[in-house]
Amino acid sequence: MEIAFAEARAAAARGEVPVGAVVVDAAGRVLARAGNRVEELADAAAHAELLALREAAAARGEPRLPDCTLVVTLEPCPLCAAAAALFRVRKVVFGAYDPKGGGVEHGPRVFAAPGCLHQPEVVGGVRETEAADLLRDFFAGRR
């Protein structure tokens with residue numbers, strides 16, 4: 001999670017919403033890490049999770065990551081939750097819950113949907129206060 005926080009802080013420094021993600025394999029080796037790059041790339045889908053998942057899969061030369069864990073500072077949105085299912089990650093670990101935009105424990109609850117082809121293990125609320133504070137401070141500075 002510390003690497004995900006470093007990516008989130010770097011994203012904030014670039015003016016991006018401070019969300020960071022890291023993909024680790026079963027041995028705990030970091031395959032990829034990323035922070036949001038929506039503004040920088042002018043790409044509404046350049047979320048930290050998607051960037052990290054794509055990079056990890058490319059590094060392996062495989063479209064799926066069945067032995068991997070996606071660690072992210074914020075509950076994945078529906079888009080990123082669906083991507084985690086498509087990449088077939090074993091586990092999703094996240095920090096702050098997102099009642100408005102989340103897609104795992106809130107909103108559409110992607111992994112619980114009947115059409116979801118893969119349901120990873122989910123652990124939410126890891127360093128939740130720190131993750132929420134990072135987001136709150138970022139948006140307070142914008143208002």
Side-chain angles (χ1 to χ4, degrees), residues 1-139 142:
M1 183 62 87
E2 189 55 43
I3 294 169
F5 273 108
E7 289 294 332
R9 288 189 289 273
R14 294 190 304 272
E16 301 279 355
V17 173
V19 177
V22 61
V23 176
V24 296
D25 67 13
R29 288 183 298 259
V30 174
L31 299 177
R33 57 192 288 169
N36 277 352
R37 293 190 178 277
V38 171
E39 302 302 328
E40 175 186 343
L41 300 176
D43 178 354
H47 294 190
E49 302 96 318
L50 276 175
L51 297 173
L53 288 166
R54 287 175 176 159
E55 184 181 325
R60 284 190 153 182
E62 300 174 3
R64 290 176 233 358
L65 304 164
D67 65 329
C68 294
T69 298
L70 171 65
V71 180
V72 61
T73 57
L74 179 65
E75 176 183 351
C77 71
L79 171 73
C80 293
L86 290 171
F87 279 93
R88 307 286 198 272
V89 297
R90 182 181 67 80
K91 188 177 193 177
V92 174
V93 176
F94 66 86
Y97 289 88
D98 188 354
K100 274 175 67 176
V104 176
E105 300 288 334
H106 296 90
R109 300 175 192 258
V110 171
F111 302 140
C116 186
L117 301 175
H118 175 74
Q119 297 158 350
E121 177 185 347
V122 175
V123 177
V126 176
R127 294 173 65 177
E128 177 182 5
T129 301
E130 183 180 353
D133 288 348
L134 183 62
L135 287 158
R136 190 176 306 105
D137 292 347
F138 175 80
F139 286 112
R142 296 274 193 244

*Residues Leu31, Val24; criterion side chain to side chain contact (heavy atoms under 4.5 Å, CB included); working and verdict*: CA-CA 6 Å; Leu31 299 177; Val24 296; over 6 Å; no
*asked:* Could you walk me through whether Lys91 and Val89 satisfy the side chain to side chain contact (heavy atoms under 4.5 Å, CB included) test, starting with their C-alpha distance in whole Å, then the side-chain angles of each, then the deciding distance to 0.1 Å, before giving a yes or no?
replied: CA-CA 6 Å; Lys91 188 177 193 177; Val89 297; over 6 Å; no
*Can you check salt bridge (Lys or Arg N to Asp or Glu O under 4.0 Å) on Arg37 and Glu16, steps first, answer last?*
CA-CA 6 Å; Arg37 293 190 178 277; Glu16 301 279 355; over 6 Å; no
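Atoms CG and OG1, from Asp25 and Thr69 in turn, are 9.0 Å apart once rounded to the nearest 0.5 Å. The distance from atom SG of Cys68 to atom CG of Leu53, rounded to the nearest 0.5 Å, is 9.0 Å. Here the CG atom belonging to Leu117 is positioned 5.5 Å from the CZ atom belonging to Arg88, to the nearest 0.5 angstrom. With rounding to the nearest 0.5 Å, the separation of SG in Cys77 from CG in Leu50 is 7.0 Å.
In summary, of the residues considered (Val19, Asp133, Val17), a side-chain contact (heavy atoms from CB on, under 4.5 Å) with Phe138 occurs for Val17 alone.
Ion pair Glu130/Arg136 not flagged as a salt bridge, since none of the NZ, NE, NH1 or NH2 atoms sits closer than 4.0 Å to an Asp/Glu carboxylate oxygen. Ionic pairing of Arg127 and Glu2 is present here: one or more N-O contacts between side-chain nitrogen and carboxylate oxygen are shorter than 4.0 angstrom.
Side-chain N or O atoms of Gln119 include one that pairs as donor or acceptor with a backbone N or O of Phe111 at under 3.5 Å. Under the 3.5 Å distance criterion, the side-chain polar atoms of Thr73 are left unmatched by any main-chain donor or acceptor of Ala4. Listed for the Glu75 side chain is a donor-acceptor partner under 3.5 Å among the backbone atoms of His106. For the pair Arg109 (side chain) and Glu105 (backbone), a donor-acceptor distance under 3.5 Å is present. Under a 3.5 Å cut-off, the side chain of Asn36 and the backbone N or O of Val38 do not form any donor-acceptor pair.
Considering only residues two or more places apart in sequence or on other chains, Asp67 meets the side chain to side chain donor-acceptor pair (under 3.5 Å) condition with Arg60. The side chain to side chain donor-acceptor pair (under 3.5 Å) check on His118 picks up nothing, with sequence neighbours excluded.
Nearest heavy-atom pair, Val93 versus Met1, reported as atom, atom and distance to 0.1 Å: CG1-CE, 4.3 Å. Residue Ala11 comes nearest to Pro18 through the heavy atom pair CB-CA, 4.3 Å, listed as atom of the first residue, atom of the second, then distance. In terms of heavy-atom proximity, Gly102 sits nearest to Pro108 at O-CD, 3.8 Å. Across Ala57 and Phe87, no two heavy atoms sit closer than the pair CB-CE2, 3.6 Å. Closest approach of Ala85 and Cys116 over heavy atoms only: CB-SG, 3.9 Å. Between Ala34 and Ala52, the shortest heavy-atom distance links the atoms CB-N, 3.9 Å.
Side-chain atoms of Val126 and Phe94, non-hydrogen and from C-beta on, never get closer than 4.5 Å to each other. Taking the side chain as every heavy atom from C-beta outward, Pro120 and Arg90 never approach each other to under 4.5 Å. Looking only at side-chain heavy atoms (C-beta outward), Glu121 and Val92 stay at 4.5 Å or farther from each other.
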